[in-house]
Participant: 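A single structure is presented below for examination.
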Protein chains: 2
Amino acid sequence: MGEGTHRRAGRPSTKVLSRQAITDAALDVIEHGGYDAFTVAKLARALGVAPSALYNHVRSKQDVLLWVQEDLMTKVDVSGFGTEPWAVATRRWALSYRDVFARHAPLVPVIAVMPVAGAPRTLAVYEAVAAGFAEAGWPIGTIVPVVVALESFIFGSALDANAPADIFDTADLAGVSPVFTAAIDAFAGSGGDYTPDAGFDAGLDAMIAGLEARLDRLRND
Amino acid sequence: MGEGTHRRAGRPSTKVLSRQAITDAALDVIEHGGYDAFTVAKLARALGVAPSALYNHVRSKQDVLLWVQEDLMTKVDVSGFGTEPWAVATRRWALSYRDVFARHAPLVPVIAVMPVAGAPRTLAVYEAVAAGFAEAGWPIGTIVPVVVALESFIFGSALDANAPADIFDTADLAGVSPVFTAAIDAFAGSGGDYTPDAGFDAGLDAMIAGLEARLDRLRND
DNA sequence: ACCTGAACACCGTTCAAGT
DNA sequence: ACCTGAACACCGTTCAAGT
């Protein structure tokens with residue numbers, strides 16, 4: 001798949017410090033030790049070169065993060081658009097999008113403000129989503145804000161997925177916040193810890209229901 | 001208000017490096033130069049002490065960020081809960097919450113995973129919100145996931161509010177992403193830049209509509 | 001064209017020494 | 001109890017020198 005696959009045998013296969021090699025090494029470092037461990041020094045070591053060598057191929061560490069983000073975008077599932085009803089396709093997209101970036105939360109603030117120009121895979125996702133929305137009957141001028149709204153929810157949920165199980169542990173605070181404490185207890189049931197999935201499900205249900213109601217109204221105009 | 005206000009005159013007023021003084025200085029540095037400028041050295045300089053002096057009052061830089069976050073929480077408007085209908089109160093809360101942290105986006109990943117224990121102001125906000133939800137008829141066990149869902153949307157929107165105006169500039173990409181490009185053009189109207197408010201409004205409308213529909217169903221059970 | 005090794009200007013944090 | 005100044009172990013990045 002990668003570049004260099006269909007080169008002649010005997011030819012030195014591929015540049016050692018290709019974009020793909022750097023991105024793969026970065027993902028390796030990140031998967032191994034998280035984003036704290038992702039330093040230029042570690043990345044260089046994983047590639048077997050001196051840190052300064054990287055700067056022949058990359059303008060900054062931030063560049064590498066953008067490459068990683070672009071790479072992850074291929075894991076987002078847009079297969080529902082064009083084949084499934086709008087709500088089903090949107091739900092599938094949202095779930096996979098959130099799952100991918102829940103494991104890369106430090107990238108979320110980066111993606112949220114990254115221009116799509118120069119990010120072809122990200123753009124391809126947007127194109128598939130926009131086409132699916134248009135086909136489902138969303139007027140062309142309504143698509144961008146609705147997609148942005150869903151994305152905001154997805155990004156926030158990806159961050160929330162990293163909350164510790166004790167985030168809502170109100171231990172000695174029942175006197176100070178009785179209703180909230182009761183809400184926590186009622187939610188957790190029999191001493192269960194907090195899991196963020198229930199929040200994501202509730203929000204996705206509500207948002208899709210609200211949007212579908214709007215879509216119905218738009219269709220009947 | 002702050003500590004030391006009701007001390008006797010003539011007594012040296014307040015510790016120089018009180019929590020309040022450190023938090024205020026931090027907010028000052030952040031407002032002046034953003035989160036990149038917020039270093040321990042700059043914070044110490046603003047307080048007129050050596051960097052190492054801070055560590056008599058703070059365990060880490062992260063501690064100060066948590067103090068700042070707690071301080072900002074007092075700006076979140078929960079006044080609608082208990083006085084206004086659920087949808088109005090929720091909308092007011094969401095708008096102010098998003099506005100406060102849109103100007104402190106680097107804190108968003110911090111809040112999203114911060115335990116409420118030891119954060120009394122944050123807890124006070126949750127208590128007001130939970131009480132408002134309960135009074136509006138939300139069953140006690142449904143409150144936490146619904147609040148988490150709204151918060152996820154709010155946090156994502158706070159990040160999105162910092163997107164550059166050219167985030168969706170598809171310049172030469174009309175051939176590669178025709179539908180998405182058309183959606184951008186139709187949304188931007190007459191050459192207008194992207195503003196994230198439309199996305200926030202669309203999402204908040206949809207989510208509140210979806211939740212209100214669910215609340216109606218719950219009430220009729 | 002692309003590498004190395006030294007250097008630079010920072011980081012946050014620790015700690016002995018002072019008062 | 002709380003400060004200073006020196007030191008530590010890092011950061012990301014630059015650049016002259018090599019091939």
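This is a predicted model, so every value here is computed, not measured. Below, chain A is the first sequence line, B the second, and so on; all start at residue 1.
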Participant: If you compare all heavy atoms of B/L211 against all heavy atoms of A/A206, which two are closest, and at what distance to 0.1 Å?
Facilitator: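 So the minimum-distance heavy-atom pair works out to CD2-CB, 3.6 Å.
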
Participant: Give the rounded distance in Å between these two atoms: NZ of A/K61 and P of D/dT13.
Facilitator: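 Checked: the NZ to P distance equals 8 Å.
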
Participant: Give a yes/no answer on whether the side chain of A/H57 brings an N or O atom under 4.0 Å of OP1 or OP2 in C/dA1.
Facilitator: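 So the side chain of A/H57 is outside the cut-off, no N or O lying under 4.0 Å from OP1 or OP2 of C/dA1.
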
Participant: Can you tell me the distance, in whole Å, between the CD atom of A/Q62 and the C1' atom of D/dT13?
Facilitator: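 After rounding, the gap between these two atoms is 14 Å.
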
Participant: What's the spacing between B/L72 CG and B/H104 NE2 if we round to 0.5 Å?
Facilitator: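 If we round to the nearest 0.5 Å, B/L72:CG and B/H104:NE2 are 4.5 Å apart.
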
Participant: With a 4.0 Å cut-off on N to O distance, would you call B/D197 and B/R98 a salt bridge?
Facilitator: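 Salt bridge flag = yes for B/R98 with B/D197.
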
Participant: I need the residues from residues 47-56 of chain A with at least one non-hydrogen atom less than 4.0 Å from DNA chain D; give them sorted by number, or say none.
Facilitator: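 Contacting residues: A/S52, A/Y55.
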
Participant: Looking at C/dA1, which nucleotide sits across from it as a Watson-Crick or G-U wobble partner, both distances under 3.5 angstrom, or is there none?
Facilitator: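 Base partner found: D/dT19.
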
Participant: Would you mind reading off the distance between A/Y35 atom OH and D/dG12 atom P, rounded to a whole angstrom?
Facilitator: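 The answer, rounded to whole Å, is 14 Å.
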
Participant: Quick check on DNA chain D: between A/K42 and A/R59, whose nearest nucleotide comes earlier from the 5' end?
Facilitator: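 On the 5' side of the pair lies A/K42.
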
Participant: Within a reach of under 6.0 Å around CZ of B/R91, are more than 12 heavy atoms found that belong to other residues, nucleotides or ligands?
Facilitator: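 Result for CZ/B/R91: enclosed.
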
Participant: Is the shortest distance from a Lys or Arg side-chain nitrogen in A/D99 or A/K75 to a carboxylate oxygen in the other one below 4.0 Å?
Facilitator: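 Answer for the salt bridge query: no.
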
Participant: Which heavy atom of B/A186 sits nearest to which heavy atom of A/I140, and what is that distance?
Facilitator: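 So the two residues come closest at CB-CG2, 3.6 Å.
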
Participant: Provide the Watson-Crick or G-U wobble partner of D/dA7, both distances under 3.5 Å; none if there is no partner.
Facilitator: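 Here D/dA7 is engaged in a pair, and the nucleotide opposite it is C/dT13.
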
Participant: Using atom CZ of A/R45 as one end and atom C1' of D/dG12 as the other, report the distance to the nearest whole Å.
Facilitator: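 It is 18 Å, rounded to the nearest whole Å.
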
